[in-house]
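The structure under discussion appears below in the form of structure tokens.
Every heavy atom of this structure was used, including side-chain atoms; hydrogens, water molecules and symmetry mates were not. Keep in mind it's a predicted model, so treat the numbers as computed, not measured.
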Amino acid sequence: MAPVALLYRREAEGWRPELFEGLDAVIVLPEIGAELALAEIYDGLAFPPRITDAMR
């Protein structure tokens, strides 16, 4: 299982969701001049492998 984050960005028509997946993903927040790496958010957490139908 990989980490994910869902960000909602405000646009003229409303809100647009943006999905970030994996520890290499970086959320760019130009409005505040910042970047947030998912690796930092999930630092210290372990993600077990996903159980799929093929593994059952």
Side-chain angles (χ1 to χ4, degrees):
M1 179 181 305
V4 298
L6 184 59
L7 173 72
Y8 287 87
R9 293 195 190 268
R10 182 185 282 182
E11 295 185 342
E13 305 82 33
W15 297 90
R16 177 181 53 89
E18 191 173 341
L19 181 66
F20 297 87
E21 298 182 75
L23 290 175
D24 294 333
V26 176
I27 301 170
V28 178
L29 304 166
E31 299 83 2
I32 61 171
E35 294 183 350
L36 184 57
L38 262 59
E40 292 179 24
I41 295 172
Y42 291 104
D43 186 35
L45 297 177
F47 294 90
R50 288 182 92 170
I51 296 175
T52 65
D53 290 338
M55 298 173 72
R56 292 181 189 187

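Residues Leu38 and Leu6 are members of separate hydrophobic clusters, defined by side-chain heavy-atom contacts under 4.5 angstrom among Ile, Leu, Val, Met, Phe, Trp and Tyr. Linking ILVMFWY residues whenever their side-chain heavy atoms come closer than 4.5 Å, directly or via other members, leaves Val28 and Leu7 in distinct clusters.
Sorted by first and then second residue, the ring-ring contact (aromatic ring centres under 6.0 Å, His included) pairs involving residues 8-35 (not counting sequence neighbours) form an empty list. Sorted by first and then second residue, the pairs that involve residues 13-24 and meet salt bridge (charged side-chain N to carboxylate O under 4.0 Å, His left out), not counting sequence neighbours, are Arg9-Glu18, Glu11-Arg16, Arg16-Glu18. Pairs engaging residues 34-44 under the salt bridge (charged side-chain N to carboxylate O under 4.0 Å, His left out) rule: none recorded [sequence neighbours left out].
Taking Arg10 as the reference, nothing meets the salt bridge (charged side-chain N to carboxylate O under 4.0 Å, His left out) condition, with sequence neighbours excluded.
The shortest side-chain heavy-atom distance between Pro3 and Ile41 does not fall under the 4.5 Å cut-off.
Within the 3.5 Å criterion, the main-chain N or O of Val4 finds a donor-acceptor partner in the side chain of Tyr42.
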